[in-house]
Q: 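Quick one: structure below, then a few questions.
When reading the values below, keep in mind they use all heavy atoms of this one structure, side chains included, and skip hydrogens, waters and symmetry mates. In what follows, chains are A, B, ... by sequence order, proteins preceding strands, each numbered from 1.
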There are 2 protein chains.
Amino acid sequence: MAVSSESQPGSAHAVYVALRHRFAEGQYAPGQRLTEAALATDLGVSRTPVREAIGRLLAEGLVIPAARGVAVAALTAAEAEHLFVLRATLEGLAAELAATRQARGQLAPADIDALDRAVDAVEAAVQTHDAHASAQANLALHRAIGAAAGNPFLEDTLHRVWDRIAVTTVANLDDPHWAGAITEQHQAIVAGIRAGDPKAAGKAAKAHIEAAGRAYKPAPENEPRAAAAGQPAR
Amino acid sequence: MAVSSESQPGSAHAVYVALRHRFAEGQYAPGQRLTEAALATDLGVSRTPVREAIGRLLAEGLVIPAARGVAVAALTAAEAEHLFVLRATLEGLAAELAATRQARGQLAPADIDALDRAVDAVEAAVQTHDAHASAQANLALHRAIGAAAGNPFLEDTLHRVWDRIAVTTVANLDDPHWAGAITEQHQAIVAGIRAGDPKAAGKAAKAHIEAAGRAYKPAPENEPRAAAAGQPAR
DNA sequence: CGGGCAGCGTTTGCATGCAATGTATACTCA
DNA sequence: TGAGTATACATTGCATGCAAACGCTGCCCG
């Protein structure tokens, strides 16, 4: 229940951020092993801050204990399904709260406009078929909705879920039918928020994530195997 | 998004568990400062594992950065409200999923019976006016429902929320009206689950937590002050 | 008597060292 | 040739040491 990711100083935090970034960029394959020494050398720090960062990643489930050290966590189909169920409810709540705040005049008009622009940005990115850019734009929109909900704990929880699903969202674009429906669904959510209609906004958001969950297809190599060990980092 | 709190070895984890336990027991006052050296001496380990444990507590928001080291996190009224909003939705989802699993025959009859017994245990504990025992029993029931949902990520998230609210739940018992309503509401949730009625179970659970949120009154000393610093540990 | 400043002490943050653990490899024997 | 075992090594886990940062106290000056 960390409330926000405020900028902390220190190497340990820097390492943590760096690793998170690499994960989000898909720089490490699921199942790949990471060793403290290699990361320490790579990042130019000693093992101590690396240890702290890995401990945190371990607590967050982004890496899992492996035979020797830790391995990048994969996402099985079952796990993905569980995550999407949770995510659908959370994002439904976020949209609901955002709409409630809008109805109470606690949302700046600029915030709503920003949501609209984010929706357009996603549509534009999707049309370029740039998977990475699309995922970024999509995440930005959902983040904005999460922020508009005004509940720091919900926001933090959403970030955890997103990070755990991470790059996989990109895969959705392969499905042309789904790609076409995205904008429509996004617009429905924002429309509900703008109208200050919590029920409508929440329902639209929940339905959107459920649809995303159905479109999601995990990489087959993520399924649990006896030994999913990869090469050590670098 | 750690999926479960499996037993890890090592001093660092032991320190983490010990501190969590102390927090849950209310051994540290909110705002109280904790220093690495003092905890290390107290727990008979070096500062290194203490550092890792504190880092994790920091990430979870159970402690916050303080002038010198960290301080035990307090809970303001606004934060509590946000937490209860989130918790209501999460527990609603948990009950809903548990009922769904029941309807599909994925829940053992023994599990349902355990829920009933847990409800009775809470009622018994509340009648003794033992705040600590009541909180324990209540938490056990909610934990059982969370487990019955069969979604590890939801379960993990619930644990985070519960830990952040922690001992404060005890305070509810001061309100006799609320104390009397608890069992009734618990029974409604379990009835919904047993009947395999997701809608009813979810609604009952959500309403229950919302009622709990209304009954919750934070300690006034938790409100943000310029300096909420207490004595260093020990 | 109040405000600013300097020195001191505490506490963190990181690096390194050492011991323990468990794995993978190579070797031996059936 | 295959299985079992012993050995060596990679790697973690913790303790300690050292330097830097920060707050705090006491003093001096206005």
Q: Walk me through whether A:E52 and A:R56 qualify under salt bridge (Lys or Arg N to Asp or Glu O under 4.0 Å).
A: CA-CA 6 Å; A:E52 293 188 24; A:R56 206 162 147 190; over 6 Å; no

Q: Using only atom types and a distance under 3.5 Å, with no angle test, would you say the side chain of A:R164 pairs donor to acceptor with the backbone of A:G61?
A: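 The answer is yes, because a donor-acceptor pair under 3.5 Å joins these two groups.
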
Q: Mapping A:G69 and B:A67 to their closest nucleotides on DNA chain D, which lands nearer the 5' end?
A: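 Here A:G69 is the residue nearer the 5' end.
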
Q: Measure from CG on A:L43 to C1' on C:dA15 and round the result to the nearest Å.
A: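 One finds 15 Å between C1' of C:dA15 and CG of A:L43, rounded.
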
Q: Hey, is B:R22 close enough to B:D42 for a salt bridge, meaning N to O under 4.0 Å?
A: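 Yes, this pair counts.
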
Q: Give a yes or no answer on whether the side chain of A:Q32 reaches the backbone of A:A29 with a donor-acceptor pair at less than 3.5 Å.
A: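 Answer holds: yes.
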
Q: Please tell me if A:T35 has a side-chain N or O lying less than 4.0 Å from either OP1 or OP2 of D:dT11.
A: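 No, because none of the side-chain N or O atoms of A:T35 sits under 4.0 Å from OP1 or OP2 of D:dT11.
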
Q: Tell me every residue that passes ring pair (Phe, Tyr, Trp, His ring centres under 6.0 Å) with A:H208, counting only those two or more places apart in sequence or in another chain.
A: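 A:H208 satisfies ring pair (Phe, Tyr, Trp, His ring centres under 6.0 Å) with A:H142, A:W178, A:H186 only.
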
Q: Could you tell me how far apart B:L39 (CG) and D:dA15 (P) are, to the nearest whole angstrom?
A: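 My rounded result for the distance is 14 Å.
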
Q: Using the criterion of both pairing distances under 3.5 Å for Watson-Crick and G-U wobble pairs, give all stems of 3 or more consecutive pairs involving DNA chain C.
A: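 When the pairs of DNA chain C are grouped into runs of at least three, the stems are C:1-30 with D:1-30.
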
Q: Output yes when B:R214 and B:E210 qualify as a salt bridge under the 4.0 Å nitrogen-oxygen rule, no when they do not.
A: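 A salt bridge is absent here (no side-chain N lies under 4.0 Å from a carboxylate O).
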
Q: Taking A:S134 for its side chain and A:A125 for its backbone only, find out whether a donor-acceptor pair lies under 3.5 Å.
A: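 Flag set: sc A:S134 to bb A:A125 pair under 3.5 Å.
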
Q: Measure CG/B:L34 against P/C:dT12 and give the value in whole Å, please.
A: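 Those two atoms, CG and P, are 9 Å apart.
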
Q: If I take atom CZ from residue B:R143 and atom CH2 from residue B:W162, how far apart are they, to the nearest 0.5 angstrom?
A: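 Reported value, rounded in 0.5 Å steps: 7.0 Å.
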
Q: Without decimals, in angstroms, what is the distance between A:Y16 OH and C:dC14 P?
A: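 Between P of C:dC14 and OH of A:Y16: 16 Å.
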
Q: I'd like to know if B:D113 pairs up with B:R117 as an ion pair, taking the criterion as any Lys NZ or Arg NE/NH1/NH2 lying under 4.0 Å from an Asp or Glu carboxylate oxygen.
A: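 Salt bridge absent between B:D113 and B:R117.
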
Q: For DNA chain C, which residues of residues 44-58 of chain B approach it to below 4.0 angstrom with any heavy atom?
A: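 By residue number: B:R47, B:R51.
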
Q: Which whole-number value in Å describes the distance from A:I64 CD1 to D:dT12 P?
A: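 Taking CD1 of A:I64 and P of D:dT12, I get 15 Å after rounding.
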
Q: Expressed in angstrom and rounded to an integer, what is the separation of B:H13 atom NE2 from D:dC14 atom P?
A: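 After rounding, the gap between these two atoms is 11 Å.
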
Q: Any donor-acceptor pair under 3.5 Å joining the side chain of A:R68 to the base of D:dT11?
A: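 Result: no qualifying N/O pair found.
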
